[in-house]
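Comments concern the structure below.
Letters go in sequence order (proteins before strands), and every chain restarts at 1.
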Amino acid sequence: MGIASVVVDVPAKQTDREFDYSIPGKWEHIVQPGMRVIVPFGPRMVQGFITALKNDSNVKKIREVKEILDLEPVLNEELLKLGSWLTEETMCFRITALQAMLPAALKAKYEKVLRISTGREEHLEATVQALFKNKDMISWKDVLESDHAALLQKHVRKGNLEVMYFVKDKLKKKTVRVIQPLLNKEGLEDYAGILPPNARKQYEVLHHFINHPDKIQLRELLEDVRVSNAVVKALIDKGILAEKEEEIYRDPYENRVFKQTEPFILTQEQADALRPVKKSIHDNSHAVFLLYGVTGSGKTEIYLQAIDDVIKKGEEAIMLVPEISLTPQTVKRFKERFGNLVAVMHSGLSIGEKYDEWRKIHRKEVKVVVGARSAIFAPFENLGIIIIDEEHESSYKQEETPRYHAREVAIERAKHHNCPVILGSATPALESFARAKKNVYKLLTLSKRMNESKLPRVDIVDMREELRNGNRSMFSKTLFSKLTDRLEKGEQTVLLLNKRGHSSFVMCRSCGLVTNCPNCDISLTYHRYNDSLKCHYCGHEERMPQACPECGSDHIRFFGTGTQKVEEELAKILPEARVIRMDVDTTSKKGSHERLLNAFQEGHADILLGTQMIAKGLDFPNITLVGVLSADTMLHLPDFRSSEKTFQLLTQVSGRAGRHELPGEVVIQTYTPEHYSIELSGLQDFDVFYEREMYIRRQSHYPPYYYLALINVSHEDLMKAVAVTEKITKYLTASLSPEAIILGPVASPISRINNRYRYQCLIKYKREPELKKQLRTVLEHYQQETAQNLLQISIDMNPQIMM
DNA sequence: AGCACGCCGACT
DNA sequence: GTCGGCGTGCTC
């Protein structure tokens, strides 16, 4: 008898294992590991994944698989294995790992409903019958909201009402109605001849098919021939035409024509960098390359040509790009080279669109996927290369469970496929560069920009000096004069306002009160569209106050990312300048990001003003000036990577200037010009920065010299949170090797979320083979309390941010 | 995660 | 005696 091992969709410690189910005979030859099923689990139905098939089971009372949800496995053997690896590495539940690899559309939706048992209607009093008025089922959610929950529950016990469980897919495949002729050209002509003379419209429809015998979408047909549905219907009824439902993809890029491009001739440097990659592709050998190339050195062309080789070899490619630079511009470059062999995956797509892109990959209709972090799980079976552009970007680390880093997943998959990985960056993560130096990764260097263009000249302006000289504006003299100069020449400027986060908070200018969330220790975020304040952590929402709740002053206003204020000041000092502002406020609508960039590219503005989101990917020939208004705002964050992040951002944004014929200039304004990350980004010298930063990391026992694991404990009771963290810290100190450094307990940077106090313990280690086992023991020990949700313990292996 | 089961105190 | 509170343990 066929038995399936199933991982069920119940993310909890106690159910984090396989359960056995028997397979009904009719499905015996269909089922395969990696398929989704619906299975009975206790009293309800849940979704699950078949992880293995076997012939027998030790389980006595085995139940049957209720339904098979897929005709083809959604997870192949490799991905199932990768799921186990993810579970192990990130210490998450198996089901969480499996779901993370699939588009959200494939996740189940559960519904619990009540219905009247057959023939028991008389047993119900009028109030209950009234609830069922006009419907045979009511949802459990409504029951809980009604005042009759107890009463209804009693009827369930008596058997008058029945509880039913439904498992549904989040989403259906999208279909369109398609019309096609059932006769050939001659047949249609003959039939047109015998149509009654008053059937003019039917005649026109037939005429369409005589000229275009192919099938056509009903909607298009109606538009083209300008007839109503009734006309087509008549012809279908007569058996001349046929209608059918056809599955279609929601193609976010439909109606867009991409001009094909040919590979460019590579520079000597580029060719030298590409050669070892090509060798690895053709030898089917695994290797990780760190492509370290200055901004504008033509990394993308190397990616494109490597992918081209992979496709020619009949294999597939994954191209990861950070979410914020996954702009239509980027996508265009890949679509222009590889046409419709490209699928695109990013968070801007709807659940349905993502699902459709995923299906193109699953059905082997595309060869390349360009996407953000989660595209690393694209279900390709013959991977020939994985490329991660801007590999230092922190968005490659998922900040929810499973807390994986796409770079590590990429390497794991590439090992399985015996194929190369390219990590590309002008400012590699310190960890990556260190590995390249140790020859764990192979270093490929591009030190020159293409088109012979020079790296821009960088001016670092000390804003303290400006203040001393009586300049209180946010623009230094230098920046102002260069701005005016560009304006006169008709060249373009990018202005970066380097502010932390992307949100705007509210502060009273009289008493300095910042409106905080009542449940969390974090400021509320202003939302313009409904003039309200929201907490991004717990969802708390309140109206924007008219006066300060503390001192009553009406000088209360929001401090946005500040771009608005800069815009106002620009309007004062350079009234003739046309400014495009890009920040959360102006880019929240779908497609607005692209629209603004297009407008800038087409020269409808002189200045592009924005936050971090403008630092990447812009490649416009007319940009000759980049200004950073305040370079040091994120330097003083309590994060050991803040210097690295500052250096990376400044270098990236500087790289926007002078990429083509016109030379570029950069002005960096700062209050700490002596800080090495600012000074060295001015010199664009990553190598020196690397040495400096490595020295500091070694001194303070941080990566790449040490690995990190962060344990976060939260509890409603502050003392309890501290006590548990304390106990964990003690336990780990005792059970890990003396080389491990265990710090804590300390309050989290966000010390309270949703009225739960948060404490943490940080482990720095070099080699601790027992670490995961010990952490599992810790989780095990607090199992009971975490199950009751009194206590929460989360573990982040290799955290990117210390929250 | 749900849900049933079971044991306890408070009530018709 | 019975209802409903919540701690405990199970789900193939």
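- Relative to the six-membered ring of Tyr765(A), Arg767(A) misses at least one condition, a distance below 6.0 Å or an angle of at most 45° to the axis.
- The side-chain tip of Arg44(A) does not point at the ring of Phe41(A) from less than 6.0 angstrom away and within 45° of straight on.
- Regarding Asn55(A), its CG atom lies at a distance of 17 Å from the C1' atom of dC12(C), rounded to whole Å.
- The CD atom of Gln153(A) sits 13 Å away from the C1' atom of dG2(B) (whole-angstrom rounding).
- Here the rule is side-chain contact (heavy atoms from CB on, under 4.5 Å) with His155(A), and of Arg120(A), Glu125(A), His123(A) only Glu125(A) fits it.
- A perpendicular orientation is assigned to the rings of Tyr404(A) and Phe377(A), their planes being inclined by more than 60° (bins at 30° and 60°).
- Of the two residues contacting DNA chain C, namely Ser57(A) and Lys154(A), the nearest-nucleotide position lying further toward the 5' end is that of Lys154(A).
- Between dC3(B) and Lys112(A), a contact under 4.0 Å exists linking OP1 or OP2 to a side-chain N or O.
- Computed from coordinates, the Glu18(A) CD to dT11(C) P distance equals 16 Å when rounded to whole Å.
- Taking the side chain of Gln784(A) as heavy atoms from C-beta on, and the options dT8(C), dC10(C), dC12(C), the nearest nucleotide is dT8(C).
- OP1 or OP2 of dC3(B) lies within a sub-4.0 Å distance of a side-chain N or O belonging to Tyr165(A).
- Separating the CD atom of Glu785(A) from the P atom of dG7(C) is a distance of 13 Å, rounded to the nearest angstrom.
- When each of Glu408(A), Glu412(A), Lys772(A) is paired with Glu89(A), the side-chain contact (heavy atoms from CB on, under 4.5 Å) condition holds for Lys772(A) and for no other.
- Backbone-only engagement by Lys61(A) is indicated by non-hydrogen atom pairs under 4.0 Å involving sugar-phosphate atoms exclusively.
- Backbone-only contact: Tyr21(A) has heavy atoms under 4.0 Å from sugar-phosphate atoms and none from a base.
- Here the P atom of nucleotide dG2(B) and the CD1 atom of Ile95(A) are 13 Å apart, to the nearest Å.
- Residue Gln14(A) is classed as a base contact, given a heavy-atom separation below 4.0 Å to a base.
- For Lys60(A) and dC10(C), the NZ to P distance is 13 Å, given to the nearest whole Å.
- Looking at heavy-atom distances under 4.0 Å, Arg44(A) makes contact with a base.
- By the stacking rule of 5.5 Å between ring centres and under 30° between planes, Phe19(A) does not stack on the base of dC12(C).
- Counting to the nearest Å, the C1' atom of dT11(C) and the OH atom of Tyr110(A) are 14 Å from each other.
- The nearest whole Å value for the distance from the CD atom in Gln783(A) to the P atom in dA1(B) is 10 Å.
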